[in-house]
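Notes to accompany the following structure.
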Protein chains: 2
Amino acid sequence: MPTSNQHKAGDLHFLKRLNRSAILELVRRSPGLTRADIATEAQLTKATVGVCIQSLLEQGWLREGELQKSSGGRPGRALHLNEERHVLFGAEVGVHGLRLVACTLAGHVLASHHEHLVPTTPEVTAELLGELLRRLMSEVRVKDRLCLGLGVALPGPIAPDKPVLRLAPNLGWRDIRFLELLRPHLPQLEGVWLMDNEAKAAAFGEHYFRTGHVPESLIYVSAGTGIGSGMVVGSHPPLLTRGVQGLAGEIGHTILQPGGLYCHCGNRGCAETLVSGWTIRAALSIAEEEDLIATLLPRLEEPEVQVALRRAGEALGVLLLNLHHTQNPAEIVLGGSLTQLGDPLLAPALDFFKSNQSRLLGTTQQVPLRVIQDSTFIAARGAAAQVLASLIHGSNDLI
Amino acid sequence: MPTSNQHKAGDLHFLKRLNRSAILELVRRSPGLTRADIATEAQLTKATVGVCIQSLLEQGWLREGELQKSSGGRPGRALHLNEERHVLFGAEVGVHGLRLVACTLAGHVLASHHEHLVPTTPEVTAELLGELLRRLMSEVRVKDRLCLGLGVALPGPIAPDKPVLRLAPNLGWRDIRFLELLRPHLPQLEGVWLMDNEAKAAAFGEHYFRTGHVPESLIYVSAGTGIGSGMVVGSHPPLLTRGVQGLAGEIGHTILQPGGLYCHCGNRGCAETLVSGWTIRAALSIAEEEDLIATLLPRLEEPEVQVALRRAGEALGVLLLNLHHTQNPAEIVLGGSLTQLGDPLLAPALDFFKSNQSRLLGTTQQVPLRVIQDSTFIAARGAAAQVLASLIHGSNDLI
DNA sequence: AACCATTAGTTTAATATCAATACTAATTCG
DNA sequence: CGAATTAGTATTGATATTAAACTAATGGTT
């Protein structure tokens, strides 16, 4: 959770940290830069960069790589994140189970685990998650690495000022301080602990762990039992918009059909009444005990299924276009379990989005929309990304 | 236009500017603070604050005010913005005319002018605006003050990377570099020149010129011929979300009724087909030559008018609720010419918004929704605010 | 009224950071 | 093999903040 800047004033110590962060961020986003490249990019002198890199190397954040090709001069030494020394943990509590990852500074997954679980109490969930995380910790031999912390993604809005899950309708939870429940089961897990909404964590990870060209902003849409989204604006540090009550991104409850069907939230015509796991279940009479995706995949050719998915897909297309005209992100990433249903659902959505997004400005370049077919560990990995970001950009002195 | 931070590294000069900005911002937001208050708030030492205040006083940005009440010690000296030494200019090019303001550092309007004008070419508009601004400059005796610059608000999306108005459907303009057209007519107007979308400028001004408690984020909804909006996230410096193509906030083209009426953008069921100046005109057969508001105000009791406005108001309510569930701002400000129609339009909108916004989280505190009945100069003043912000937070060395 | 405690603000010396410069190191090209 | 070029390091210097001591101004107490 990148700290939202307060009234920004700073001392020399702050300045040094700022420059360390900026340099680390540069190497993170563009692996293989040399000291000279960094000096140019960050507008610092070679001397300053040199000293800073020195200490980042000594502390194990960076490693030196190969020599770069020279074009008539001393070749520079490439710099990379040192992925051997640290480990980040991420977890997602979902409606259908728990997902856990351990990953490196660059977001590479060292180990992961997926455990099915029917919704139960927060206490039982925390205990199980604790046990699974302990197992994961031994699997990655956490003694060999410095553990930077744990991020937990949860299926509902989080209070913006304190780590409380305000509501998780699909779990039947309300006002849960999940980290406090989890901590007794994981006394040995050091570092930053944080929690966030599942779609926001996913959005953050999709943006933060990208290298090379990074989009100016990004929205992740999570289409599963419900529909959520998260937006990152990449303003160094990347900023997650949470909303004053943590409700930003609750696009499943934007109204697409005034006077339409009743939603479980009590309102009428919410997007979730047109596209969501439970709407598709209702339309096709699929019981809650059955796995929606597993049930549907063999039935995709059935006309009844095709119709239901096309209708849902059309609504999803409207939802995406509305995001485009409300937030206009540089990229949209579509994930969540429903993407596994493929073209019957996605083709209508993508077609609508692509053919209508340039209505206002005429033919400008299209906003890329990327579909993630297997988004199993996206949110867990994103929560781990938030741990790293909070260390790099926060007021912590570890970095 | 606050500069979006690049890869943030900095030297001592940068640090000093940062602290100067932070201190100036503190006084701007909380007039009457003492040096000691500032040292506490900004986490700087008294020495640093003292030196910095000294130079801000000498350069005319601040003035010392009254002594504060003491509670058993030397009383502090209140500090305020010095509103005597500078002037900001702002202008709005609207569908029905030009609006101009000259204002102080605190946003107080020194002089203003409203000129009716039927849509014409950018060149003619620029020439007229130039003349009116010159007149305003002499009116505020600009020789007595340092002119900090001019902001121009325009009714359409602006390219995010360069000062180009991409489209203004209601003026019939496309890809206009308005500032370049204006500059020859105002060679004597010094300082920063910038332009922005009308709703974004308004949003910025409503946030930036507020003192005391400042909302964490704010959306301004401009309901006039079309419907636009702008969002400010107050992350020091306050950040306007523009979107990768400048389309953020184009909520008039979010779809509220899939398969509904055709909008002039070519899509179906856009919000503007349900609530906007031109929709109300169409519903009540009011010709374009007539002033919509002036025509309707005496007719508000007519059943036909009541029905049309109630329908539009209901759609506006849905739009506001969708903003709540997408961006969840800490405050919504509703302005634009349509607010002058009062309760027949606004009551249904506000009722719907207020009674449905706590669906998800249950009874939490309401998000305040403030209606501005007379928003004539809001956008022009907001554009002036952007000039000030770009000086305080930008890389400019004036401050 | 004199004095003390308290808080505001300034001055001075010390410290820390980055910049500038000069330097060494390693490569290509002729 | 040497000149040119670029990478990276070491030394010195400029500058911003800090810490600590100091002056200033007020309220309360004796």
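Below, chains carry the letters A, B, ... as their sequence lines are ordered, and counting in each starts from 1.
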A:Arg35 side chain reached by A:Ile53 side chain, heavy atoms, under 4.5 Å | yes
Hey, does B:Ala36 reach any base, or is it just sugar-phosphate, or nothing, if we go heavy atoms under 4.0 Å?
-> sugar-phosphate
State which of D:dT17, D:dT15, D:dT18 makes the closest approach to the side chain of B:Leu12.
-> D:dT15
Whole-Å distance separating the CG atom of B:Leu67 from the C1' atom of D:dA24 | 12 Å
Please assess A:Glu331 against A:Arg210 for the test salt bridge (Lys or Arg N to Asp or Glu O under 4.0 Å), listing each intermediate value before the final yes or no.
-> CA-CA 13 Å; A:Glu331 181 173 330; A:Arg210 188 157 320 171; 2.8 Å; yes
Over how many whole Å does the gap from A:Gln68 atom CD to D:dG8 atom C1' extend?
-> 14 Å
Does a salt bridge link A:Glu206 with A:Arg381, judged by any charged N lying under 4.0 Å from a carboxylate O?
-> yes
Distance check: side-chain N/O of B:Asn19 vs OP1/OP2 of D:dT17, anything under 4.0 Å?
-> yes
Comparing nearest nucleotides in DNA chain C, the 5'-proximal residue of the pair B:Val51, B:Gly76 is B:Gly76
Nearest-Å distance for atom pair CD1/P, residues A:Ile38 and D:dT6 = 19 Å
Non-hydrogen side-chain atoms of B:Leu15 and A:Leu12 separated by less than 4.5 Å | yes
What's the CD-P distance between B:Gln43 and D:dA19, to the nearest Å?
-> 12 Å
What is the distance, rounded to the nearest whole Å, between atom NZ of B:Lys46 and atom C1' of D:dT23?
-> 11 Å
Between D:dC22 atom C1' and B:Arg74 atom CZ, what is the distance in whole Å?
-> 12 Å
Could you list where the contact with chain A starts and ends along DNA chain C, reading 5' to 3', using a 4.0 Å heavy-atom cut-off?
-> C:dA16 to C:dT28
Nearest whole angstrom, please: distance from the P of D:dT26 to the CD of B:Glu66.
-> 14 Å
Nearest heavy atoms of A:Lys200 and A:Ala248, plus distance in Å = NZ-O, 2.9 Å
B:Thr48 vs D:dA16: side-chain N/O to OP1/OP2 distance below 4.0 Å | no
Evaluate side chain to side chain contact (heavy atoms under 4.5 Å, CB included) for B:Val49 paired with B:Lys46, printing each intermediate quantity in order.
-> CA-CA 5 Å; B:Val49 173; B:Lys46 291 191 293 177; 5.8 Å; no
Does the distance from a Lys or Arg side-chain N to an Asp or Glu carboxylate O, for A:Glu84 and A:Arg63, drop under 4.0 Å?
-> no
Pick the nucleotide of DNA chain D nearest each of B:Ser70 and B:His13; which residue has the one closer to the 5' end?
-> B:His13
Can you check the A:Asp37 CG to D:dT6 P distance for me, whole Å?
-> 13 Å
